[in-house]
Amino acid sequence: MSGWFDETLHEHMALRLKADRLLYDSKTEHQRIVLFENALFGRVLMLDGVVQTTEGDEFIYHEMLTHLPILAHGRVRRVLIVGGGDGGMLEEVLKHADIESATLVEIDPQVIEFSKKYLSKICGQAFEDPRTRIEIADGADYVAACKDRFDLIITDSTDPIGPGEVLFTERYYAAVKSCLAPGGILVTQNGVPFLQGEELQGTLRILRREFADASCYLATVPTYAGGPMAFGWASDDDTHRRTSLDILEARYAAARIATRYYNPHVHLGAFALPGYIADLIEKPA
Ligand code: SAM
């Protein structure tokens with residue numbers, strides 16, 4: 001089979017990817033899962049018509065949501081990933097030898113089972129790592145009831161449509177705050193500001209109320225089309241966002257991780273915001 005898939009995320013613009021071979025197309029209780037091969041990006045995972053990850057460019061997204069906060073913090077031991085059923089985030093987190101536990105809370109168990117089978121290039125052996133804990137639950141309910149404390153919480157969710165919507169609400173962010181250890185960091189998938197500015201604005205309005213320090217940082221991921229993608233950042237420790245180049249370089253060298261996008265210079269540059277994005281997050285409530 002060969003055809004084209006149009007992403008249905010944006011009203012006035014669509015990403016179109018050629019499917020050289022359809023590998024999977026099925027509905028779970030929560031969403032439609034589609035997987036196909038594309039000559040440029042390798043395997044492409046779509047949920048409900050929206051690109052989630054591809055073998056070709058996943059490293060950018062996953063490295064920037066893991067190594068950046070881990071190295072900015074310097075003493076991350078316990079990590080919570082909300083969403084992330086493809087396992088790519090888990091795999092990057094576990095590259096750090098001093099991580100003691102990584103808990104993944106995914107609403108849809110079929111995404112995990114599917115990813116183990118079809119996306120091993122993305123998740124590697126992460127689901128089998130003894131430090132991995134899997135919880136099948138709605139992420140918002142999980143953090144609301146959770147008594148554990150984490151040094152880093154990563155929201156690796158779908159966009160705020162369908163099951164992912166609750167992961168962009170005040171209730172969720174407030175509960176996340178109470179699950180963070182002192183000085184802990186929250187980072188979030190926050191869409192492409194040029195096309196999804198209101199989403200970033202909404203998140204930052206809440207994060208700025210809840211946390212002493214909140215902002216966003218950027219990376220360009222080819223299949224999240226429309227310009228750079230924004231990642232939300234929040235912590236009650238405002239020194240983490242200003243960790244110096246010298247310290248980042250020392251931590252990066254000590255971590256001994258192989259990266260293809262992340263490096264300490266990219267880390268610092270990612271917090272430089274073009275005017276149109278700075279304006280979005282500076283707008284008062
Ligand atoms: N990189 C991605 C993107 O394109 O934004 C996210 C990838 S990951 C596959 C997103 C995961 O979040 C999905 O597997 C989905 O089932 C999960 N998810 C959505 N809503 C959720 C919720 N309320 N609680 C926990 N997991 C959720």
Side-chain angles (χ1 to χ4, degrees), residues 5 7-10 15 17 24 26-35 41 43-66 80-93 103-116 118-119 122-123 126-127 133-146 153-169 171-173 175-176 179 187-193 195-196 199-200 203 219-226 228-232 261:
F5 273 96
E7 187 179 58
T8 54
L9 182 58
H10 308 298
L15 171 73
L17 288 168
Y24 191 91
S26 182
K27 271 197 148 184
T28 75
E29 182 194 335
H30 298 281
Q31 53 214 339
R32 177 179 171 204
I33 304 183
V34 169
L35 183 77
F41 290 101
R43 293 188 171 187
V44 177
L45 170 67
M46 291 180 100
L47 294 180
D48 284 341
V50 179
V51 174
Q52 298 297 305
T53 192
T54 83
E55 288 178 341
D57 65 1
E58 59 88 21
F59 67 98
I60 305 172
Y61 175 84
H62 291 129
E63 288 182 11
M64 288 299 275
L65 276 170
T66 55
L80 175 67
I81 299 164
V82 179
D86 53 64
M89 206 63 80
L90 198 55
E91 205 242 351
E92 290 300 325
V93 163
T103 303
L104 183 124
V105 185
E106 166 62 59
I107 201 168
D108 191 341
Q110 281 179 260
V111 177
I112 297 178
E113 290 317 311
F114 163 88
S115 301
K116 284 183 189 169
Y118 291 101
L119 294 176
I122 293 178
C123 63
F127 289 112
R133 295 184 187 141
I134 304 293
E135 302 279 350
I136 301 302
D138 171 84
D141 290 345
Y142 181 87
V143 290
C146 186
I153 299 181
I154 303 170
T155 308
D156 182 15
S157 65
T158 45
D159 291 284
I161 315 157
E165 200 172 350
V166 293
L167 304 179
F168 293 79
T169 59
R171 171 181 175 252
Y172 171 70
Y173 294 127
V176 160
C179 294
V187 288
T188 63
Q189 184 283 97
N190 254 113
V192 172
L195 300 170
Q196 295 159 292
E199 176 188 320
L200 180 65
T203 293
T220 300
V221 183
T223 52
Y224 302 145
M229 161 161 230
F231 305 114
Y261 188 87

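In listed order, ligands and their atoms are each counted from 1.
Close approach of ligand 1 to Val166 (heavy-atom distance below 4.0 Å) involves ligand atoms 23 (N). Close approach of ligand 1 to Ala137 (heavy-atom distance below 4.0 Å) involves ligand atoms 24 (N), 25 (C). For ligand 1 and Gln189, the ligand atoms under 4.0 Å from any heavy atom of the residue are 5 (O). Less than 4.0 angstrom separates some heavy atom of Val51 from each of these atoms of ligand 1: 4 (O). Near Asp108, the atoms of ligand 1 lying under 4.0 angstrom from a non-hydrogen atom of the residue are 16 (O). For ligand 1, the atoms lying closer than 4.0 Å to a non-hydrogen atom of Tyr224 are 1 (N), 2 (C), 3 (C), 4 (O). Residue contact check: Val105 has heavy atoms under 4.0 Å from atoms 25 (C), 26 (N) of ligand 1. Atom numbering of ligand 1 starts at 1 in the shown order; those under 4.0 Å from a heavy atom of Asp138 are 22 (C), 23 (N), 24 (N).
You'll find the side chain of Asp159 stays beyond 4.5 Å of the side chain of Phe168, heavy atoms only. Using a 4.5 Å cut-off on side-chain heavy atoms (C-beta onward), Ile60 and Thr220 make no contact. Side-chain contact between Ile122 and Glu55 is present, with at least one heavy-atom pair separated by less than 4.5 Å. Taking 4.5 Å as the limit, some side-chain heavy atom of Ile161 sits within range of a side-chain heavy atom of Leu9. Considering only heavy atoms from C-beta on, Tyr261 stays 4.5 Å or farther from His62 through its side chain. Between Phe5 and Glu7, every side-chain heavy-atom pair lies at or beyond the 4.5 Å cut-off. Contact of the Asn190 side chain with the Glu199 side chain is registered, since non-hydrogen atoms from C-beta on lie closer than 4.5 Å. Under the 4.5 Å side-chain criterion, counting only non-hydrogen atoms from C-beta, Ser26 is not in contact with Phe114.
Nearest non-hydrogen protein atom to atom 5 (O) of ligand 1 is Ser157 O, 3.0 Å. The protein atom (non-hydrogen) at minimum distance from atom 7 (C) of ligand 1 is Gln52 OE1, 3.2 Å. Of the protein's heavy atoms, Gly139 N, 2.8 Å lies nearest to atom 24 (N) of ligand 1. Of the protein's heavy atoms, Asp156 O, 3.3 Å lies nearest to atom 10 (C) of ligand 1. Scanning the protein for heavy atoms near atom 26 (N) of ligand 1, the closest one is Ile107 N, 3.2 Å. Nearest protein heavy-atom neighbour of atom 19 (C) of ligand 1: Thr158 OG1, 3.3 Å. Closest to atom 12 (O) of ligand 1, if we only count protein heavy atoms, is Gly83 CA, 3.4 Å.
Between the side chain of Glu29 and the backbone N or O of Gln31 there is no donor-acceptor pair closer than 3.5 Å. Under a 3.5 Å cut-off, the side chain of Gln110 and the backbone N or O of Thr28 do not form any donor-acceptor pair.
Proximity of Thr53 to ligand 1 is not established, as no heavy-atom distance is less than 4.0 Å. In this structure, Ala140 falls outside the shell of residues with a heavy atom less than 4.0 angstrom from ligand 1. Using a 4.0 angstrom heavy-atom cutoff, Tyr142 does not count as in contact with ligand 1. Under a 4.0 angstrom heavy-atom cut-off, Val50 registers as lying outside contact with ligand 1. Residue contact check for ligand 1: Gly191 places no non-hydrogen atom closer than 4.0 Å to it. Between Gln31 and ligand 1 there is a heavy-atom distance shorter than 4.0 Å.
In Val111, the part holding a heavy atom less than 4.0 Å from any atom of ligand 1 is the side chain. For Leu47, every heavy-atom contact with ligand 1 shorter than 4.0 Å involves the side chain, none the backbone.
Every residue two or more places apart in sequence or in another chain that forms a salt bridge (charged side-chain N to carboxylate O under 4.0 Å, His left out) with Glu113 is listed here: Lys116.
Checked by atom type, the side-chain pair Tyr224/Asp57 shows no donor-acceptor distance below 3.5 Å.
When Leu80, Ile107, Val82, Ile136 are each tested for a side chain to side chain contact (heavy atoms under 4.5 Å, CB included) with Tyr142, only one passes: Leu80. Tyr172 pairs in a side chain to side chain donor-acceptor pair (under 3.5 Å) with only one of the listed residues (Asp141, Thr188, Thr155), which is Thr155.
Distances from atom 15 (C) of ligand 1 to the heavy atoms of Glu165, Met229, Glu106 show the closest one on Glu106. Proximity annotation for atom 22 (C) of ligand 1: of Leu167, Val221, Asp48, Leu167 comes nearest, heavy atoms only.
Ligand 1 has no nitrogen or oxygen under 3.5 angstrom from a nitrogen or oxygen of Asp86. In terms of polar-atom proximity, defined here as any N/O pair under 3.5 Å, Pro163 does make such a contact with ligand 1. Looking at Tyr61 next to ligand 1, an N or O pair under 3.5 Å apart turns up.
Separation of atoms CG (Asp156) and CD (Glu92) is listed at 11.5 Å; rounding is to 0.5 Å.
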Could you go through residues 45-53 and list every donor-acceptor pair under 3.5 Å that involves a side-chain atom there, pairing it with any protein atom two or more places apart or in another chain?
residue: Asp48; atom: OD1; partner: Arg32; partner atom: N; Å: 2.8
residue: Gln52; atom: NE2; partner: Val50; partner atom: O; Å: 3.3

